Participant: 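Shown below is the structure under consideration.
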Amino acid sequence: MKEHRELEFKESITNTFLKTVSAFANYGSGKIIFGISDDGRYVGIENTRKACLDIENKINDAIKPLPKYTIDVDDNTKLITLIVEKGKDTPYLYKGKAYIRNDSSTIEVGQIELKRLTMQGMNTTFDRIPSHEQGLSFHILEEECQKKLGIEQLTRDNLITLGLLDKSIGYTNAGALLADVNEFYGIDIARFGATIDIILNRYTFARQSILKTYQEAVRVYRENYQYDEIQGIERVVVETIPEKAFREAIANALIHRTWDVSAHIRVAMYDDRIEITSPGGLLDQLSKEDYLYKEVSMLRNPVIGNVFFRLQLIEQFGTGVQRIIASYKHCKRQPVFDISENFIKIILPVVIQDTIRMSPSAQRIYEALQDGELSSSELARLTGYGKRNILEAVKELIAGGYVIKIGSGPKTKYAVTYRA
């Protein structure tokens, strides 16, 4: 066995294990096994009964609030296993500090993460807590409410109903984000030329209502990825990237990003694609599969999400990703979702309606993948190509957006993004 994020070894019982108890209670259940050295040798614990009582007393005295845990003893090996469960009353503090696991080590969390743990423990969200900005105006929001909701004038009661104003705490962070002027970061858009060293245009929309930011982003998209075409006697708007997909991706970024991070949503525009990168990964309760394939409604900023829904900027909670995918239903190149712990990137390729252009070897690999996911060894058996040719062809297909890589290492497989 090796130490990892959910497992730690302790040769003896010292107070250092309490930091890891805090980390497991805050971020995810885990085990601490006493009686194993750092290099994995079983040394055992003398007088396991006394040791268990010592562990229990240390946790009860030092961790506030008290987490849920169990202690098991293996009489044969003299190993003690402490299992700590993730709790709901975060933050769980040791000597006034909260901790998190970083691979196989335990480190103290920063101030931003501590605030997030506190909000989680209070069952609240960033957009619901009080804003330090209280002199706010809402002319942009009022105009949208007039157009979409038929409200003649945005009143104090309307703001309370929308969750932008609280009678006891004043304006919330959601109120500040939707106010005409605020101090929040926004969206940074760069239009690139032939290489990333060539920036054709740069737009930054920040410190304003996120409704205005959303509108400006859509305007820039239309300037670069839509054009008029005369078809017969009619003028038709042609979209090289589906507008529905872009709108959903931008709305998704504004609703789900972490607003307590001083960073812009990055939108990189290229001739063949748009990349939208927003700060913050998935919520702890949401898996990648839930995000991509299920209509799961878990909003990091539910007040903002509710306002976007009421203003018809999103159609239904939990369907944004599915709507992006659906807008590419009959396209050869498909959107790509790159999800990490700290950001989510959505790549929207330019729609290709003509025949697929690729090398003969890549074409053969692409045809073989029409029947499902295959490994490089399976592709070699089906095509007769060597490993080098297969890897070069797969690299070409991935770069072109025709194929995706699934897994890593010996279990790596490849699949088409669109089945012809």
Side-chain angles (χ1 to χ4, degrees), residues 1-126 281-290 298 300 341-342:
M1 292 188 296
K2 292 183 178 181
E3 291 183 309
H4 51 76
R5 181 170 292 190
E6 291 85 29
L7 178 64
E8 182 171 76
F9 300 146
K10 290 293 181 184
E11 188 169 344
S12 59
I13 301 169
T14 63
N15 287 345
T16 58
F17 84 91
L18 294 167
K19 295 179 181 180
T20 304
V21 172
S22 165
F24 288 153
N26 283 322
Y27 290 99
S29 303
K31 295 180 181 179
I32 303 173
I33 303 179
F34 297 90
I36 300 181
S37 63
D38 289 339
D39 57 7
R41 292 182 298 107
Y42 283 32
V43 297
I45 296 290
E46 293 298 327
N47 196 344
T48 54
R49 185 168 184 174
K50 178 179 179 299
C52 288
L53 185 60
D54 191 20
I55 292 170
E56 186 174 344
N57 287 336
K58 286 179 180 294
I59 295 174
N60 294 347
D61 292 342
I63 305 295
K64 306 297 180 186
L66 184 65
K68 187 175 181 180
Y69 64 90
T70 57
I71 302 175
D72 294 323
V73 177
D74 187 324
D75 293 326
N76 294 321
T77 61
K78 298 294 183 180
L79 298 182
I80 300 174
T81 301
L82 170 65
I83 303 173
V84 182
E85 296 185 17
K86 184 181 186 309
K88 297 180 179 180
D89 300 321
T90 56
Y92 292 86
L93 304 176
Y94 169 56
K95 292 186 176 179
K97 299 177 180 179
Y99 291 85
I100 185 173
R101 291 287 281 174
N102 183 14
D103 292 329
S104 60
S105 62
T106 304
I107 60 174
E108 182 184 349
V109 303
Q111 286 300 312
I112 290 178
E113 192 59 35
L114 181 60
K115 289 179 181 178
R116 291 175 184 170
L117 286 171
T118 303
M119 288 189 296
Q120 180 181 318
M122 295 171 60
N123 194 29
T124 190
T125 55
F126 178 80
L282 297 177
L283 292 171
D284 290 341
Q285 309 94 316
L286 196 63
S287 69
K288 184 175 180 179
E289 289 70 28
D290 290 336
M298 296 183 68
R300 176 173 274 114
E341 187 175 347
N342 298 312

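Being a predicted model, the structure only gives us computed values, none of them experimental.
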Participant: If we only count heavy atoms from C-beta on, is the R49 to N47 side-chain gap below 4.5 Å?
Facilitator: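 R49 reaches N47 side chain to side chain.
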Participant: Can you give me the closest heavy-atom contact between V84 and A25, atom names plus distance?
Facilitator: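 Here V84 and A25 meet closest at CG1-N, 3.9 Å.
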Participant: Taking I33 as the fixed residue, which of T77, D72, I80, L7 is the one that meets the side chain to side chain contact (heavy atoms under 4.5 Å, CB included) rule?
Facilitator: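 Going through T77, D72, I80, L7 one by one, the side chain to side chain contact (heavy atoms under 4.5 Å, CB included) with I33 is satisfied by L7 alone.
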Participant: Going by the rule side chain to side chain contact (heavy atoms under 4.5 Å, CB included), which residues pair with T14 if we only count those two or more places apart in sequence or in a different chain?
Facilitator: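 Here the qualifying residues are S12, T16.
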Participant: Start with the C-alpha distance between D103 and R101, add both sets of side-chain angles, then the distance that settles side chain to side chain contact (heavy atoms under 4.5 Å, CB included), and finish with yes or no.
Facilitator: CA-CA 6 Å; D103 292 329; R101 291 287 281 174; over 6 Å; no
Participant: For K86 versus S29, what's the shortest heavy-atom pair and its separation?
Facilitator: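 Here K86 and S29 meet closest at N-OG, 3.0 Å.
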Participant: Considering all heavy atoms of both residues, which atom of I13 and which atom of A51 are nearest to each other, and what is their separation?
Facilitator: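 Closest heavy-atom pair between I13 and A51: CD1-CB, 3.3 Å.
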Participant: Identify the residue among E113, R5, E6 that makes a side chain to side chain donor-acceptor pair (under 3.5 Å) with Y27.
Facilitator: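 Checked E113, R5, E6 against Y27; only one passes side chain to side chain donor-acceptor pair (under 3.5 Å): E113.
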Participant: Measure the spacing between CG of L93 and CG of L18 and express it to the nearest 0.5 Å.
Facilitator: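 Nearest 0.5 Å value for the CG-CG distance: 12.5 Å.
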Participant: If you measure from OG1 on T20 to CD1 on I100, what distance do you get to the nearest 0.5 Å?
Facilitator: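 Reported to 0.5 Å precision, the distance equals 12.0 Å.
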Participant: Working to the nearest 0.5 angstrom, can you tell me the gap between D74 CG and I45 CD1?
Facilitator: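 Here the interatomic distance stands at 12.5 Å.
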Participant: Any side-chain heavy atom of K78 sitting closer than 4.5 Å to one from Y42?
Facilitator: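 Contact flag for K78/Y42 side chains = no.
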Participant: Decide yes or no for V21 and Y94: does some side-chain heavy atom of the first lie under 4.5 Å from some side-chain heavy atom of the second?
Facilitator: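 The answer is no, as the side chains (C-beta and beyond) never meet within the 4.5 Å cut-off.
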Participant: Taking side chain to side chain donor-acceptor pair (under 3.5 Å) as the definition, give me every residue that meets it alongside D54, ordered by chain and number, with sequence neighbours left out.
Facilitator: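 Result, side chain to side chain donor-acceptor pair (under 3.5 Å) vs D54: none returned.
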Participant: Using a 3.5 Å distance criterion without hydrogens, assess whether the side chain of S22 forms a donor-acceptor pair with backbone atoms of Y99.
Facilitator: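 Yes, S22 side chain to Y99 backbone: donor-acceptor pair under 3.5 Å.
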Participant: Counting N and O atoms only, with roles assigned by atom type, does the side chain of R300 sit under 3.5 Å from a partner on the main chain of G281, one being a donor and the other an acceptor?
Facilitator: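 Looks like yes, one N/O pair under 3.5 Å.
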Participant: If you draw a 6.0 Å radius around CG in N57, do more than 12 non-hydrogen atoms from other residues or ligands fall strictly inside?
Facilitator: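 More than 12 heavy atoms, drawn from other residues, nucleotides or ligands, come within 6.0 Å of this atom.
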Participant: Flag the pair F17 / F34 as yes when their ring centroid distance falls below 6.0 Å, and as no otherwise.
Facilitator: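 Yes, they do, as the ring centres are separated by less than 6.0 Å.
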Participant: What pair of heavy atoms forms the shortest contact from C52 to I71, and how long is it?
Facilitator: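 What the structure gives for the nearest pair is SG-CG2, 3.6 Å.
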Participant: Within a 6.0 Å radius of atom NZ on K19, are there more than 12 heavy atoms belonging to other residues, nucleotides or ligands?
Facilitator: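 No, because the 6.0 Å sphere around NZ of K19 holds 12 heavy atoms or fewer from other groups.
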Participant: Measure the spacing between CG of L114 and NZ of K97 and express it to the nearest 0.5 Å.
Facilitator: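 These two atoms lie 11.5 Å from each other.
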Participant: Just checking K64: does its NZ atom have more than 12 heavy atoms from other residues, nucleotides or ligands closer to it than 6.0 angstrom?
Facilitator: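 Enclosed: over 12 neighbouring heavy atoms sit under 6.0 Å from NZ of K64.
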Participant: Within this structure, what is the OG1-CD distance for the pair T70 and E85, rounded to the nearest 0.5 Å?
Facilitator: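 Separation between the atoms: 7.0 Å.
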Participant: Do I55 and I32 touch side chain to side chain, with heavy atoms closer than 4.5 Å?
Facilitator: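 Answer no - side chains too far apart.
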Participant: How about F24 and N26: do any of their side-chain heavy atoms sit closer than 4.5 Å?
Facilitator: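 Result no, sub-4.5 Å side-chain heavy-atom pair not found.
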Participant: With N15, which residues qualify under side chain to side chain donor-acceptor pair (under 3.5 Å), at least two apart?
Facilitator: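 So N15 forms a side chain to side chain donor-acceptor pair (under 3.5 Å) with K58.
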Participant: Rounded to the nearest 0.5 Å, what separation is found between the CZ atom of R116 and the CD atom of Q120?
Facilitator: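 These two atoms lie 11.0 Å from each other.
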Participant: Can you name the nearest heavy-atom pair linking K31 to I83, along with the distance?
Facilitator: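 Looking at all heavy atoms of both residues, the shortest contact is CG-CG1, 4.0 Å.
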